[in-house]
Protein chains: 2
Amino acid sequence: MTTKLSQLKQDFTEGLSQISRFWGFPKGMGAIFAVLYLSPAPLPLDEIVTQTGLTKGAVSTEVRTLARMGLVHRSSRLGDRKDYYEAESDFYKSIRSILKERQNSEFDRAVRSVQETLEKLESGSVSGDEAEVAFVHERVKALQEFFNAIDNLASAVIKLESLGFRNVAKILSVLK
Amino acid sequence: MTTKLSQLKQDFTEGLSQISRFWGFPKGMGAIFAVLYLSPAPLPLDEIVTQTGLTKGAVSTEVRTLARMGLVHRSSRLGDRKDYYEAESDFYKSIRSILKERQNSEFDRAVRSVQETLEKLESGSVSGDEAEVAFVHERVKALQEFFNAIDNLASAVIKLESLGFRNVAKILSVLK
DNA sequence: TAGAACGTTTAGTAATTACTAAACGCAGTA
DNA sequence: TACTGCGTTTAGTAATTACTAAACGTTCTA
């Protein structure tokens, strides 16, 4: 039983859509990436539109956030007003880029608010049952430390410019 | 300027709610965890209800998924029909638990579909332009390898039963 | 065996998020 | 200066997700 390439591409796209949704991104985003990832040449927006079935507007905005994340790259050609998009195929690069992106995000703001909570506790300006305040202090501090650990890990990963995943995995395997 | 403990708790809860949302979980889930995390003693469902402002039904279901993830623990006391919940305070433990949870998830199903796509390509049963098939094959293979790397990493982390995050960070810092 | 105190389920609603359709703005071209 | 081809923005809709309210089933108590 043979499969048509077009069918295979479609299945693949479907799969990436689900993965995208699983990670909390719109499934359309996964589809767009899939189409670009399987294309040997950069594609103009219109081509993405026809291949995904989304509208121009949707593709326009989503391809932009993909670009911000470093998962796709936009380029243009002289004497051609179209923009062309192609997928980043070095996933490790993408991950670093995504991690960087996350650092200036809503997440960071929230983490910072935990930091503020902690500072209030450290400064002794919190009123209430003494034992409970102490307990809360300890817990908030532990959470903050956890966040720091995560942050350090992320920074470390970001800095591994040259290493491929294989190497990282190898290193981790030493720990078993 | 002093802050009331109750106010501080509320701010903290608000912060965790946002973090929860950021990671694609309901904000109520973050709130529930926050309340439990700051409580010196295990709390019955009703108490969570009053402290979060959610309804019994919501708390019931969300606390259950938190438990599945290993972020909270349910316990009961002899001669008391209530269930009591407390937060897991070892975040590293929680992470491992979450990673384990993810392995039997929708995500895995999708990853498997990529695997199947690859197998079709390997078996040479895909019809279409030869060069393009070759290109697609290469790309799909690269993605699959990336998934494997991630998987290995996750497995490695899961196996680090005894190590705290600090140690992992230390090891990673060597790589800088 | 009725009633009370629980947690769970269910059916419906509110809120959020992803998307569409269409107007728009800005080049470049005739 | 109008026309065309492009990407973006916007306003509204569809779909999804989080949540509520209330009925329900169990288990314990009187």
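In what follows, chains carry the letters A, B, and so on, assigned in the order in which the sequence lines appear, proteins first and then strands, with residues in each chain numbered from 1.
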Taking all non-hydrogen atoms of both residues into account, name the closest pair between A:M29 and A:S20 and its distance. CB-OG, 4.0 Å
B:R74 side-chain N/O to C:dT8 phosphate OP1/OP2 under 4.0 Å: yes
Rounded distance (Å) that lies between atom C1' of C:dA27 and atom NZ of A:K82: 15 Å
Taking all atoms of both residues into account, what is the closest heavy-atom pair of B:V126 and B:K120, and its distance? CG2-O, 3.8 Å
Which heavy atom of B:G15 sits nearest to which heavy atom of A:S113, and what is that distance? CA-OG, 3.9 Å
For D:dG7, does either OP1 or OP2 sit under 4.0 Å from a side-chain N or O belonging to A:S60? no
Can you tell me the distance, in whole Å, between the NZ atom of A:K27 and the C1' atom of C:dC19? 10 Å
Partner of B:I32 by side-chain contact (heavy atoms from CB on, under 4.5 Å), out of B:T13, B:V63, B:V72: B:V63
By nearest-nucleotide position on DNA chain D, the 5'-leaning member of A:R21 and A:D80 is A:D80
A:L66 CG to D:dG7 C1': how many Å, rounded? 16 Å
Tell me the interatomic distance from A:D83, atom CG, to C:dA27, atom P, rounded to whole angstroms. 13 Å
Please work out which residues in residues 48-57 of chain B have a non-hydrogen atom less than 4.0 Å from an atom of DNA chain D and list them by number. B:G53, B:L54, B:T55
Which heavy atom of A:L71 sits nearest a heavy atom of A:F33, and at what distance? O-CE1, 3.3 Å
To the nearest Å, give me how far apart CZ (A:F25) and C1' (D:dT16) are. 18 Å
For the pair made of CE in B:M29 and P in D:dC19, what is the distance, rounded to whole Å? 10 Å
Quick one: pull up NZ in B:K82 and CG in B:L43 and give me the separation to the nearest 0.5 Å. 10.5 Å
Does the base of C:dG28 carry an N or O that pairs as donor and acceptor with the side chain of A:R81 under 3.5 Å? no
Taking atom P of C:dA5 as reference, at what distance in whole Å does atom CZ of B:R77 sit? 18 Å
Evaluate side chain to side chain contact (heavy atoms under 4.5 Å, CB included) for A:L16 paired with A:K27, printing each intermediate quantity in order. CA-CA 8 Å; A:L16 277 205; A:K27 78 174 187 209; over 6 Å; no
Starting at CZ of A:R64 and ending at P of D:dG7, how long is that distance when rounded to a whole Å? 12 Å
